[in-house]
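Notes follow once the structure below has been shown.
First the proteins, then the strands, lettered A, B, ... as listed; each starts at 1.
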There are 2 protein chains.
Amino acid sequence: MVEDGREIPTLDEVARVAGVSRSTASRVINGRTYVSAKAREAVAQAVTSLGYSPNMLARSLAMKRTNSIALVVSEHGDRVLGDPFFARVLRGVHAGLAGSGLQLVLLMAQDEQDHGSMATYLTSGHVDGALVVSLHGEDPLPAQLVASGLPVVLCGRPLAKVEVPYVDSDNFNGAGQAAQYLIDQGRRLIGTIAGPRDMAVGIDRLSGWRRTLSMAGRPTDAIAHADFSLEGGMAAMEQLLTAFPALDAVFVASDLMAIGALHVLRGRGIRVPEDVAVVGFDDSGLAATSVPPLTTVRQPIEELGRTMTWRLLAQFEGDADLPPSVLLPTELIRRDTA
Amino acid sequence: MVEDGREIPTLDEVARVAGVSRSTASRVINGRTYVSAKAREAVAQAVTSLGYSPNMLARSLAMKRTNSIALVVSEHGDRVLGDPFFARVLRGVHAGLAGSGLQLVLLMAQDEQDHGSMATYLTSGHVDGALVVSLHGEDPLPAQLVASGLPVVLCGRPLAKVEVPYVDSDNFNGAGQAAQYLIDQGRRLIGTIAGPRDMAVGIDRLSGWRRTLSMAGRPTDAIAHADFSLEGGMAAMEQLLTAFPALDAVFVASDLMAIGALHVLRGRGIRVPEDVAVVGFDDSGLAATSVPPLTTVRQPIEELGRTMTWRLLAQFEGDADLPPSVLLPTELIRRDTA
DNA sequence: CAGATTTCTGGAAGCGCTCCCAGTCGGTGT
DNA sequence: ACACCGACTGGGAGCGCTTCCAGAAATCTG
């Protein structure tokens, strides 16, 4: 590193200039009690005249607390940075951190097997806790971190059987809401385009749909799986239409797939919602601007980030009876497709 | 904080278990020379058996180097997180950091006057350097940071007269390219929808356009300013059309504004590109998908992030003759509007 | 006014690491 | 045999801060 410019003042210098001991200087800087007004004044003076600001590193080392938390994305960074979902979570986290005095360290995998170095970084005292966004199903990272004693909160229900607190949208009941709504609208044969079988969101939304239908005595066999992509949604819709010609409603596990379904429906000259009703999930930007505007289940994504942060901070405080995990309520947004 | 689980092992313990001194243990952990094979082996053993990982805080304190840099956004976080420009810069920075062993700390203003606390954080030894994305014109932060001796690289040419290295797209020549292209296409009266007068991008793109036209002996008075918004672009287009009915080409300083202009043109029944040619700037996602697809000047945004990072790292290395700042070349992307 | 508090203060021991320095030990050269 | 040099090692002094502890000064008891 090049010439660093001026020397940066230390607590010792402040103390010397103020004519007090380092202890006393430290006390006034940290606003502690048992300091005379005179000493307080002198130190304050010295601080401003020297332009002193405490070295956080040293402070952290002494206090064993870093005042920063990590937002960990175990996926490769490039894939996730363009994702609006992630941007909204990040925004929520940022909002949740406001006023806490904590800093956010962003940690994204660089290579595919970067997990080792991430784990090392996280467990070696750099941060006080971690928020983990783990889109992938089988991620060993959360378990590792918890095992090392680092406070961790996950984004989304983990598939693995680990004791890690998480925050998630209430996918189960959200899907239920959608199904119930379709039933209430008098729909007779209600199908679903579900997500992958190996992702918690896919599983939960499917079982929510299934529960509500079967409790209403309806058949629950009109299921097609897809991968949350537009093309996947289209293919699944074709499939469903072929297998169940009488289908008059479909709950689609994501807005993007729902839009794919809409394409197929229009392509076949099937009217929405007259002939087939469509309900999506997410209420992403796409839903409001699609044609026709999509009826969908809104999940509160910013809220998710904010809640994760709150949960982690609460854990720092040592709040006794903290819910192990929290589910955020969803809301059915009525637009034109159902 | 709650019970932290197991005690985390220190270098001292490793040394004790390996039966060597702390110095020796440190040597093998840092892969330094002058260590006997036996000692090396013993320490390696101890490390794995104890699950030791060095405390970065302590290391940083001793070495006066933190191995992390900050990406600073002086704008309020909420405004910037949805911005695809920022996401792409971030992605570039992330890519640029790959393999460097440096961590990224994300710093965004929380309140409006959060600058003070950001400056404090940055100058108090938390990071080795800072990448500052300062969309606002008159931002005092860069100057403060540089004054404190922290290596800094800016994103975008600063308006203020400060000696801070920056990386920017070559807005001046990019706008020139667009203007030249329109001239070459045989356009006679070429206008521009320029950005705000108080933003460097606005100024540079305007003067690039102006330079090229005036060197070709063309008039440079068909100018309308707008604020980079869709609505602003629409209003400016109206204005231009009214003031210069003979206008047959327009260079618009951003894709979003260009799309606004397109709306207006279509609304008036003016054919694009037959009657009026339109060239945008950015090549954001919008450009390719607009109807008709927008001819535009591509600026390499990821590259911008990557270059900022490279510039900062080079500064760490103490590279002697580093360019004070670097301009990234732009490229004209021909589509259907010109 | 002696004695018990209650402020206030500085010394010193850490936090976990790096790195300089003085030293030990074998093996060369003459 | 001597000095000498290179590989190796451990002691110890920091890095800049917090915090415990014991002692000094000021204040309060009856």
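We find that A:Glu303 and A:Arg306 are joined by a salt bridge, their nearest charged nitrogen and carboxylate oxygen being less than 4.0 Å apart.
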Distance-only criterion, 3.5 Å: show the donor-acceptor pairs between side-chain atoms of residues 54-62 of chain B and protein atoms not counting sequence neighbours.
| residue | atom | partner | partner atom | Å |
| --- | --- | --- | --- | --- |
| B:Asn55 | OD1 | B:Leu57 | N | 2.7 |
| B:Asn55 | OD1 | B:Ala58 | N | 3.1 |
| B:Arg59 | NH1 | B:Asn30 | OD1 | 2.9 |
| B:Ser60 | OG | B:Met56 | O | 2.9 |
| B:Ser60 | OG | B:Arg65 | O | 3.1 |

Sequence-aligned protein contact record of nucleotides 8-18 of chain D, with B where the base is within under 4.0 Å of a protein heavy atom and S where only the sugar-phosphate is:
SBBBBBBBBBB
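A:Val152 is not listed as a side-chain neighbour of A:Leu122, based on a closest heavy-atom distance of 4.5 Å or more. Counting only heavy atoms from C-beta outward, the side chains of A:Val17 and A:Tyr52 never approach each other to under 4.5 Å.
The side chain to side chain contact (heavy atoms under 4.5 Å, CB included) test applied to B:Ser49 returns no partner, not counting sequence neighbours. Legend: residues meeting side-chain hydrogen bond (donor to acceptor under 3.5 Å, both in side chains) with A:Arg40, ordered by chain and number and at least two apart, are absent. In this structure, the side chain to side chain contact (heavy atoms under 4.5 Å, CB included) partners of A:Ser68, at least two apart in sequence or on a different chain, are A:Thr66, A:Gln103, A:Val105, A:Val127.
Scanning DNA chain C 5' to 3' for nucleotides with an atom closer than 4.0 angstrom to a non-hydrogen atom of chain A gives a first and last hit of C:dT7 to C:dG16.
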